[in-house]
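Notes follow the structure.
All chains are named by letter (A, B, ...) in the order of the sequence lines, taking the proteins before the strands, and each is independently numbered beginning at 1.
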Amino acid sequence: MSERAIGFQYATVAQQREASTLGMWAFLATEVLFFGALIAAYLNYRIWLGDEFIAAASLTKVALGTANTAVLLTSSACMAMAVMTFEAGSKRAPVLWLTATALLGLAFVVIKASEWWLDYQEHLIPALNFDLARHGGVAEIFFVFYFCATGLHALHLLIGISIVAWLATAIGRGRIVPGGSTTRLVGLYWHFVDVVWIFLFPLIYLAGRNG
Amino acid sequence: MSAATIWKCWFALMLLLAATTASAFVPLGSANIVISLAIAVAKALIVLLFFMELRGSRALVRAFAAAGFFWLLIMIVLTGADYWHRTDALAPIDQVR
Amino acid sequence: MHAPHDETYLNARVGIRSWLLTTDHKRIALLYFAGITFFFFIGGIAATLIRLELITPGPTLGSPDFYNRLFTMHGIVMVWFFLIPSIPTTMGNFILPMMIGARDLAFPRLNLLSWYFYIAGGLITIAALLLGGIDTGWTFYEPYSTFYATGYLILAVFGIFVSGFSSILTGLNFIVTVHKLRAPGMTWYRLPVFVWSTYATSLILILATPVLAMTLLMLLAERVLHVGLFSPQLGGDPILFQHMFWFYSHPAVYIMILPSMGVISEIVPVFARKPLFGYKFVVWCSIAIAAIGFLVWGHHMFVAGQSLYASLAFSFLSYLVAVPSAIKVFNWTATLHEGWIRFDAPMLYAFGFIGLFTIGGLTGLFLAALPIDVHVTDTYFIVAHFHYIMVGGAVMGFFAGLHYWWPKITGRLYPDYWARFAAILAFFGFNLTFFPQFILGYLGMPRRYQSYPPEFQIWHVLSSAGASILAFGYALPLFYFAWSILRGSRASANPWGATGLEWSTRSPPPPENFAATPTVVRAPYQYDQGKPCMQAGDV
Amino acid sequence: MHGFPWWPATASAYAGTIDFLFGSLLVVAALTSGLVFFLLLFFANKYRHGSNADRSGAIRKTWRFEVAWTAATLLVFVGMAVWGSTIYLRLYNPPADALQIFIVGKQWMWKAQHPGGQREINELHVPVGQDVRLVMASQDVIHSFFVPALRIKQDVVPGRYETMWFRADKVGRYHLFCAEYCGTDHAHMGGWLTVMNPRDFANWLEDQGGQTTLAAQGEELFRRYGCSGCHESGGTVRAPHLEGVFGSPVPLSDGSVVIADERYVRDSILNPKGQVAAGYAPVMPTFAGQVSEDDLAKLVAYIESIGPERSGS
């Protein structure tokens, strides 16, 4: 929606900005509960299945997980820079920062895909080639959560990357100018995807490492 | 929000990431999960307050942000309470493979 | 093409595109109304067949599988495609923006997208039901739904998943609208109670529906990929499914009842010509119901194998959530004191609602008592309880609102005596249908039984007789509403003498609702000597 | 039509307490709804449009009423909650020496197995006036064992044992239903609970054919599954002897001590590495998936029978 025209139902621009911010935060609340339901199920299984479930977590690649978290946190910082520079009025800086954000996002997806490839080779993918004899049924349940959570998160990340790419071109071509709230909303979405990963990382990679 | 604040937050996040990964390998028994979740909450707060500018936002926006997490807490606490107090005698069931 | 003073949202633009691509909240409300009516009749047909089947102890209409698919269809269509969307998407969409003096919802295009999600989800589910239906009941309990269910479960579950987005986006739209688009002078305590109730409903819509989305996704993953999440055959825990399902489904029953409470809180003061008794209490009871409603889902699982600790906690919390509902009933009754009560059709439906909802609510107290629930859960006592709340409460409230805002929506008046007859008929038909089921329930007749011990037959025959009266009571409005559109007399801006902003503009309203944005000067429901004092200043 | 039943049969003292609780709640509900309906009709009539009732004293202080009826409802509801919970707790601690019957629910029948080895399908014969404890398991989906006359019901979730106890005080035949939807013949998955006086019950047990007792069948399984190979003297692998173990404390390898009750025996068969006895290597293979429901019940009964002599049984 072009920024300058105020919506038919709004009286002032400020009212429209506040409404879109509230709308975005309400949407993020629904996403918190969407991912949260999966995390709640994970925590319940952790209580119910106990140590064997936690031990299965040590089969994940903590090095790749940590690297991925670093990449995503950095991309969040880049997105913050993009929003800050955009609202400061410059045009080239936000495009650069947005490009950096998108590239870091892609880096995350590439690392994640390589991790899945390693899991595939170690026969850890349920429904595909999970090696029950060696790991047991409880480990399989852990890996069902692992793939559900990381899969959904990667999907949200891909959506985020495509939006950031579109935003970078739109700002580059001058279709999006300061004053509107589109850039801020895209930033909120990206940071949210990062917050989800911040909680997924310890639950998936750091569980069961204390030997 | 100035560039300096952003990169200071970024640095804090990196420190916390290092801390949480390192602490995971220290055998502290059930304290490990508590520490890793506490650090995760700290990292999330940095992103929420600074990057998502909740610090400067109106109370209403902060309330919306908190609502999602609070309702999730209700679900986790009440289902967790059930699982915590469950004493099941497991019975054999023919695993369908 | 129309002189400005008689241009309404109906004739402002014509053609199919002006309807299918509209962003006018009033037209979208009518689109939803068409969908709601369609699904109400599909669910109604299933209900009629169920009642016919249960007249005799043995199988009457078909095989047990046919009956299982029948009650599953009745459950799914009525819950997700009629009751949950009914009042928020029709009257909420149409009336809420007008009540707060706004020109439209905060995000009009999101509103249209919500309708398309609703229709897409509905058609997918109808396709699943027509292709062969599913036999799991609307609760999809595990491990039956993973390994033993036959039929198009994946299609139906995906249909419900898609329609869930309509709930989420509608709730989001309403919340932002109420916060941001109130007319000048419309403070929170000057908001009509219908706006408060719809706001509370929207809180539940956006905080509970995502959990249903995730639960259904996990159910699909388990059924399609045979991965162990809920069924013990693969190492999962079926009670986790019940926890996650009811975490959504109990707040969902408050999504169904809260809007009706809002409608009744609008109607009673208008036809009693008196301010609502304890406005602030009624308002904060709605919010309390929405909040505490999230803490009580465990009372669906008292015998399911939940831990003793959880059952005790959920029993106590379920009693807590009953208090706000009781307060509301007392406040509606107290509003009648020293009023000038008129008995038009909306008021009769409102009386019906208060009576039936009281019985429904009180029987809920039996179910929250642990040992009684152990005896009556999964029996017809439960079926009677939730029908008293859903059909006696939510549907009666839906009809009350329909009769109350029909003149504003269509600009036409309907024949009042026929409407009063329909209200009374529905009330008695309803009681004859569902009160015998309380007795059946305590006798121990389980739910979802096609054939039952012969000694229960007397009550089933009474119930089926009542169902035919109820069906007639619900079909009647179809006729006189249609008649009113064709030949009903024109409705004035304020046929009932109400005080809300929506009654300060023409019926049917112009596309932008108000010639100029009204300024609000006083609280709702103010009367002196029976004359309404309009909320909008002299516009 | 078969008569005009409006109250279910009452076959146990517990059912009586439930009826009393239900009756009291019914009275409270009737009073409340009666009050509301009376007020609705009274106000509707007295203050109808056009009546010249006195309308001067409009109540100013509304919150006084609000606080009154809020407090009243809260008090009554908390009372109901506490009363209900106390009765419910009695369901949860079964008497120790109850007659134990194994029930297995599978798609569309209830299989009962008495300690003496007698088997029944969709039928359950129990002696009057004696505590009966049902240990229930399901082989496929969730079923629910429901006897309206006793006012009790318990969902049977596959993959775990559910227990329920009752004491029937009146001789007679009472309905048995499956209350949790379980598929096509959910409506036919039921039958009769027959409560007999002890003499008839003993005769009934006799003419069910003197099958060997559960414990005897358990001993035979103990050999067939190869347990005796290790757990009896002369075995190749060093494994603990099970004579006199049941019911007495067992020191575990991680230093804790656990009472060898049914759960410990059952868990040791299904998941032996979970709690290994002190001084033994965790070499025992798991039997999960091989030992069926019924066999596991028999093995537990056998190990119980070679435990220390318990007073009476």
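- At most 12 heavy atoms of other shown residues, nucleotides or ligands fall within 6.0 angstrom of atom CH2 in B/Trp84.
- Interface remark: C/Leu203 contributes no atoms to any contact with chain B (heavy atom separation under 4.5 Å).
- More than 12 non-hydrogen atoms from other residues, nucleotides or ligands lie less than 6.0 angstrom from OH of C/Tyr141.
- Side-chain atoms of C/Leu312 and B/His85, non-hydrogen and from C-beta on, never get closer than 4.5 Å to each other.
- Across every non-hydrogen atom of C/Ser307 and B/Ala81, the tightest pair is OG-O, 4.5 Å.
- Residues B/Tyr83 and C/His243 meet the side-chain proximity criterion, which asks for heavy atoms closer than 4.5 Å.
- At a 4.5 Å heavy-atom cutoff, the contact between B/Leu60 and chain C is made by side-chain atoms alone.
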> When you look at C/Met244 and B/Thr79, which way does the side-chain contact (heavy atoms from CB on, under 4.5 Å) test go after all the steps?
Replying inline: CA-CA 9 Å; C/Met244 292 178 74; B/Thr79 47; over 6 Å; no
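- Of the atoms belonging to C/Phe247, it is side-chain heavy atoms, and not backbone ones, that fall under 4.5 Å from chain B.
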> Could you walk me through whether B/Trp71 and C/Val211 pass the side-chain contact (heavy atoms from CB on, under 4.5 Å) check?
Replying inline: CA-CA 11 Å; B/Trp71 253 262; C/Val211 174; over 6 Å; no
> Is there a side-chain contact (heavy atoms from CB on, under 4.5 Å) between B/Met75 and C/Tyr248 once you walk through the steps?
Replying inline: CA-CA 10 Å; B/Met75 178 172 189; C/Tyr248 161 76; over 6 Å; no
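- Environment of CZ in C/Phe107: crowded, with over 12 heavy atoms of neighbouring residues, nucleotides or ligands closer than 6.0 Å.
- Side-chain contact between C/Phe314 and B/Leu78 is present, with at least one heavy-atom pair separated by less than 4.5 Å.
- When each of C/Leu240, C/Ile206, C/Ile175 is checked for heavy-atom pairs under 4.5 Å with chain B, C/Leu240 comes out on top.
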